[in-house]
Amino acid sequence: MAVGPLDLAAGLDFIRPEIEQGFPWVSANIVTAAGKPIFQQIIRKKAGNIQLSITAVTAPPGKILKGIEVLSWESVLPSLLGQIRKENDKSFIIVLSNYSNEENIRIAKLFPEISLIIGADRRKGNISPKIVNNCLITQTAKQGKSQGVLDIRPGNNRHWGINSAEKLVNLQNKLGSLNWQLSRLEKKALQGEQENRRRKAVNRLQHEKEQLTLQIAGLKEAARKEADSGIRNDAFSYRFIALARKLPDDQATRVRVGELNKAIRALNKQKKQSAGRTQRQSGTSPSHNITGSDLCATCHTVQADFWKGTSHASAYETLVDKGRNFDIGCLFCHLTLNLKTAADTDMRQADLLSFPAELQAVGCETCHGPGKKHSIRPRQFHLVKTPSEELCLTCHTEEHDGDFNYLRKRDLISCPAG
Ligand code: HEC
Ligand code: HEC
Ligand code: HEC
Ligand code: HEC
């Protein structure tokens with residue numbers, strides 16, 4: 001397990017017991033102020049007669065941590081890889097990295113002796129295995145939202161198969177994504193013309209799949225012949241499985257998560273008290289120029305009455321009911337925000353926690369934009385009449401609303417004309 005920046009967030013003392021209990025944390029570039037490595041730098045394992053050497057590079061955390069220094073990968077990898085190669089020049093080297101994918105590609109280009117980089121880019125989802133300079137780079141979706149099996153069949157030289165094997169990789173990638181598309185399409189039966197289109201797409205994909213399967217079989221045969229020649233390249237296959245949204249909770253985990261949420265709530269309650277007033281006047285505040293729905297209601301009674309009947313009006317209450325209204329991870333989408341400002345700025349936690357009562361809902365200005373000036377001179381300062389799909393999608397993300405359809409859902413919440 002590579003140490004990530006968040007694993008250090010609570011300080012070294014927090015994970016020290018785990019280090020002592022032998023949890024296999026690994027990081028090559030986290031050192032004490034005196035430059036001594038804190039975690040194991042290399043984990044060595046045997047797979048048959050292959051020597052596996054696993055190391056990790058930790059991306060620098062956002063804040064300075066007491067007693068911990070995070071060196072750059074450039075300053076640790078050359079000597080570390082040299083050491084591994086000296087021990088065994090056929091070692092299969094795996095680097096776990098939580099740097100960005102671009103940075104991982106740079107690492108691969110510099111060090112052809114690395115066979116595999118498993119990434120954890122926070123902004124990227126699933127990355128199918130790609131060969132860069134004889135190094136395989138891959139990652140499953142962020143935060144463990146999909147699981148992956150990477151099956152490696154090591155050869156007798158540290159080289160990923162170039163000819164047939166590399167083509168095989170690409171075709172298998174294609175087959176993987178095809179299967180995924182198919183499984184999605186096959187699940188949902190639709191109505192009328194849409195259903196016809198869906199069927200056609202399924203047929204087309206199935207035909208493609210048959211062709212691919214044939215090609216793959218041919219290539220496998222070629223690869224077998226290559227193997228007969230005595231030189232066996234490293235080869236792999238993989239499978240990613242996206243986790244279903246509605247998997248039942250594991251009871252023990254649910255209890256622990258409940259306790260954690262309680263602790264977060266207590267902490268944030270304290271924070272809110274010490275944070276004091278929000279800076280609503282500051283241009284970077286997510287509530288900048290927002291008045292709250294009550295004022296809008298004084299002139300737009302018809303729309304306000306309608307809005308009160310939608311669940312947007314009670315979105316904050318929903319969090320209160322669940323005891324999650326002090327959870328920063330939830331508030332962003334259950335409040336009236338200046339989404340334009342909020343999306344571009346690193347939102348201050350205290351801002352979200354100390355939102356004024358009149359903005360505790362997905363209010364008018366979420367959709368129509370900040371309306372301070374409009375409320376004073378409505379005929380001079382106009383608001384957005386029809387909120388865009390893009391705006392809805394800031395909150396109605398795939399994760400929180402799997403079947404968001406703009407036109408259909410907009411109909412449900414469109415305020416009536418006065
Ligand atoms: C700031 C985040 C946010 C934005 C922007 C947003 N929504 Fe929502 N929406 C929510 C939340 C949160 C809920 C669920 C509230 C609850 O159940 O407590 C919701 C619920 C809904 C519902 C269910 C309504 C009901 O009464 O059952 C519809 C439909 C909907 N949204 C459509 C839209 C559309 C269309 C847009 C864009 C015009 C949009 N939303 C913009 C956060 C948002
Ligand atoms: C990215 C935006 C977003 C975040 C973050 C978010 N929600 Fe929501 N939430 C929504 C939207 C959108 C809906 C409405 C979904 C729909 O209409 O199908 C919703 C609906 C809900 C509902 C009512 C529907 C249901 O599923 O029971 C609850 C409860 C809820 N959210 C709780 C939470 C909690 C707790 C958190 C924090 C862990 C959270 N939400 C974080 C966007 C978000
Ligand atoms: C979730 C998004 C959303 C929220 C929240 C929302 N509206 Fe709307 N509003 C819409 C949509 C969509 C329309 C329809 C636009 C159209 O027909 O082009 C609309 C239309 C309007 C109109 C124009 C009506 C007309 O046709 O003349 C007014 C005025 C209005 N809303 C005011 C409000 C007020 C006041 C609130 C809060 C009490 C509010 N809206 C909350 C989405 C929203
Ligand atoms: C003092 C009364 C008043 C207040 C307060 C007010 N409005 Fe309006 N609003 C109007 C009038 C009048 C119009 C029609 C403007 C026109 O046709 O030139 C209007 C128009 C609108 C429109 C249609 C688009 C436009 O700008 O022409 C929307 C959307 C809207 N208001 C939303 C809101 C929201 C959201 C708030 C609260 C932040 C709000 N209004 C507060 C009087 C008001």
Side-chain angles (χ1 to χ4, degrees), residues 142-143 145 244-249 253-254 257-258 260-265 268 286-287 290-343 347 349 351-353 355 358-372 374-376 378-379 381-418:
K142 62 177 178 185
Q143 297 171 338
K145 281 171 191 160
R245 206 184 313 271
K246 294 259 146 80
L247 279 180
D249 288 335
T253 310
R254 184 211 281 270
V257 170
L260 190 68
N261 281 330
K262 236 194 229 158
I264 292 174
R265 216 177 324 154
N268 284 338
S287 56
I290 295 186
T291 71
S293 307
D294 290 351
L295 184 56
C296 317
T298 55
C299 298
H300 297 290
T301 40
V302 176
Q303 290 83 10
D305 283 347
F306 169 81
W307 169 77
K308 280 179 193 145
T310 70
S311 67
H312 283 138
S314 50
Y316 183 82
E317 284 313 308
T318 300
L319 291 186
V320 175
D321 289 347
K322 299 266 174 195
R324 301 299 288 273
N325 54 318
F326 289 104
D327 193 328
I328 290 153
C330 307
L331 287 167
F332 185 84
C333 302
H334 287 251
L335 289 173
T336 310
L337 294 180
N338 181 344
L339 284 169
K340 258 208 182 115
T341 313
M347 201 155 350
Q349 301 187 347
D351 273 344
L352 281 182
L353 286 171
F355 248 52
E358 66 270 26
L359 303 189
Q360 290 174 346
V362 176
C364 320
E365 290 156 292
T366 309
C367 290
H368 296 293
K372 220 173 219 170
H374 169 85
S375 297
I376 300 164
R379 294 195 195 280
F381 299 102
H382 289 273
L383 292 179
V384 177
K385 185 175 168 195
T386 316
S388 67
E389 176 170 14
E390 201 189 346
L391 183 121
C392 317
L393 289 175
T394 9
C395 302
H396 288 263
T397 56
E398 177 67 27
E399 190 184 349
H400 290 273
D401 188 356
D403 63 351
F404 183 78
N405 174 308
Y406 175 66
L407 291 179
R408 187 169 58 78
K409 291 229 165 164
R410 198 187 69 193
D411 266 358
L412 294 174
I413 52 88
S414 282
C415 313

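Residues: numbered from 1 along the sequence shown. Every number for a ligand or one of its atoms is a count from 1 in the order of the listing. Treat the numbers as computed from the prediction; the structure is a model and nothing was measured.
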- Message: Among all the protein's non-hydrogen atoms, which is closest to atom 23 (C) of ligand 3, and how far away is it?
- Response: Lys385 CE, 4.1 Å
- Note on the structure: Taken to the nearest 0.5 Å, the spacing of His334 NE2 from Arg324 CZ works out to 10.0 Å
- Minimal non-hydrogen separation, Ala361 against Ala313, with atom names: CB-O, 3.4 Å
- Message: Any protein heavy atom at under 4.0 Å, with atom 27 (O) of ligand 2 as the reference point?
- Response: no
- Task: Name the closest protein heavy atom to atom 17 (O) of ligand 2, giving the residue it belongs to and the distance to 0.1 Å.
- Result: Lys409 NZ, 3.9 Å
- CD1/Ile413 to SG/Cys392 distance, rounded to the nearest 0.5 angstrom? 6.5 Å
- Message: Counting non-hydrogen protein atoms only, what is the nearest one to atom 29 (C) of ligand 2? Give residue, atom name and distance.
- Response: Thr318 CG2, 3.3 Å
- Message: Can you name the atoms of ligand 3, numbered from 1 with element, that are less than 4.0 Å from a heavy atom of Cys296?
- Response: 35 (C)
- Is the side chain of Arg265 donor-acceptor paired with the backbone N or O of Gly323 at a distance under 3.5 Å, no angle test? yes
- Ligand-residue contact atoms, ligand 1 with Thr310, heavy atoms, under 4.0 Å: 26 (O)
- Given the rule in the side-chain contact (heavy atoms from CB on, under 4.5 Å) test, do Glu317 and Asn325 qualify, once you have shown the distances and angles that lead to the verdict? CA-CA 8 Å; Glu317 284 313 308; Asn325 54 318; over 6 Å; no
- For ligand 3, which atoms have a heavy atom of Ala304 less than 4.0 angstrom away? 38 (C)
- Which ligand 2 atoms, with their elements, are less than 4.0 angstrom from a heavy-atom of Lys322? 29 (C)
- Message: For atom 8 (Fe) of ligand 1, give me the closest N/O/S atom belonging to His312, just the atom name.
- Response: NE2
- Message: If you measure every N or O of His334 against every N or O of ligand 2, does any of those distances drop under 3.5 Å?
- Response: yes
- Apply side-chain contact (heavy atoms from CB on, under 4.5 Å) to the pair Ile290 and Lys372, showing each step before the final yes or no. CA-CA 6 Å; Ile290 295 186; Lys372 220 173 219 170; over 6 Å; no
- Below 4.5 Å, heavy atoms only, C-beta onward: do Asp321 and Leu319 meet side chain to side chain? no
- Item | Metal proximity, His368 vs atom 8 (Fe) of ligand 3, N/O/S cut-off 2.8 Å | yes
- So, does Glu365 use its side chain to make a donor-acceptor pair with the main chain of Thr336 at under 3.5 Å? no
- Note on the structure: among protein heavy atoms, the one nearest atom 5 (C) of ligand 2 is Gly329 O, 3.2 Å
- Task: Return the orientation label for the His312 and His396 ring planes: parallel under 30°, perpendicular over 60°, tilted otherwise.
- Result: perpendicular
- Check ligand 2 against Leu319 and write out every atom of the ligand that is under 4.0 Å from a heavy-atom position of the residue. 32 (C), 33 (C), 34 (C), 35 (C)
- Message: Is Cys415 close enough to atom 8 (Fe) of ligand 3 that one of its N, O or S atoms comes in under 2.8 Å?
- Response: yes
- Query: Under a 4.5 Å cut-off applied to non-hydrogen side-chain atoms, are Leu359 and Leu335 in contact?
  - Reply: no
- Please name the atom of His396, restricted to N, O or S, that is closest to atom 8 (Fe) of ligand 1. NE2
- Query: Can you tell me which residue and heavy atom of the protein come closest to atom 38 (C) of ligand 2, and the distance to 0.1 Å?
  - Reply: Cys330 SG, 2.6 Å
- Heavy-atom nearest neighbour of atom 18 (O) of ligand 2 within options Asp401, Asp327, Ile413: Asp401
- Show which atoms of ligand 2 fall inside a sub-4.0 Å distance from at least one heavy-atom site of Cys395. 1 (C), 2 (C), 12 (C), 42 (C)
- Message: Does ligand 2 come near enough to His400 that some N or O of the ligand is less than 3.5 Å from an N or O of the residue?
- Response: yes
- Query: Hey, does Ala297 sit under 4.0 Å from ligand 3 if you only count heavy atoms?
  - Reply: no
- Message: Looking at Asp401 and Lys409, is any side-chain nitrogen of the basic one under 4.0 Å from a carboxylate oxygen of the acidic one?
- Response: yes
- Item | Minimum-distance protein heavy atom relative to atom 25 (C) of ligand 3 | Ala417 CA, 3.5 Å
- The one among Ser414, Gly371, Pro387, Cys364 that brings a heavy atom closest to atom 41 (C) of ligand 3: Cys364
- Nearest protein heavy atom with distance in Å, relative to atom 36 (C) of ligand 1: Cys392 SG, 2.9 Å
- Query: Where is the tightest heavy-atom contact between Cys415 and His368, given as atom of each residue plus distance?
  - Reply: SG-NE2, 4.4 Å
- Task: Return the residue, atom name and 0.1 Å-rounded distance of the protein heavy atom closest to atom 3 (C) of ligand 3.
- Result: Cys367 SG, 2.8 Å
- Message: Applying side-chain contact (heavy atoms from CB on, under 4.5 Å) to Phe355 and Leu337, what does each step give before you reach the verdict?
- Response: CA-CA 9 Å; Phe355 248 52; Leu337 294 180; 3.3 Å; yes
- Note on the structure: Closest non-hydrogen contact found for Cys333 with Thr394 is SG-O, 4.4 Å
- Message: Could you work out, for atom 22 (C) of ligand 3, the closest of Gln303, Arg410, Glu365, Lys308 by heavy-atom distance?
- Response: Gln303
- Query: Has the side chain of Thr397 got a donor or acceptor atom that lies under 3.5 Å from a matching backbone atom of Leu393?
  - Reply: no
- Which protein non-hydrogen atom lies closest to atom 1 (C) of ligand 2, naming both residue and atom, and how far is it? Cys333 SG, 2.7 Å
- Query: Is Thr291 close to His374 at the side-chain level, that is, under 4.5 Å between some pair of heavy atoms?
  - Reply: no
- Message: Looking at ligand 1, would Thr366 count as a contact under a 4.0 Å heavy-atom criterion?
- Response: yes
- Query: With side chains defined as the heavy atoms from C-beta onward, is the minimum distance between Asp403 and Arg408 less than 4.5 Å?
  - Reply: yes
- Side-chain contact test, heavy atoms from C-beta onward, threshold under 4.5 Å: evaluate it for Val362 versus Tyr316 and give yes or no. no
- ligand 1 to Ser311 polar contact by distance, N or O atoms, under 3.5 Å: yes
- Taking all heavy atoms of Trp307 and all of Ser293, pick out the closest pair and write down the distance. CH2-OG, 3.7 Å
- Using a strict cut-off of 4.0 Å, indicate which atoms of ligand 3 neighbour a heavy atom of Val362. 5 (C)
- Message: Closer than 4.0 Å to some heavy atom of Gly363 - which atoms of ligand 3 meet that?
- Response: 5 (C)
- Under 3.5 Å, N or O to N or O, is Thr386 touching ligand 3 that way? yes
- Message: Out of all atoms in ligand 1, which are within 4.0 Å of some heavy atom of Leu391? Include the element for each.
- Response: 5 (C)
- Work out whether the distance between some heavy atom of Pro416 and some atom of ligand 3 is less than 4.0 Å. yes
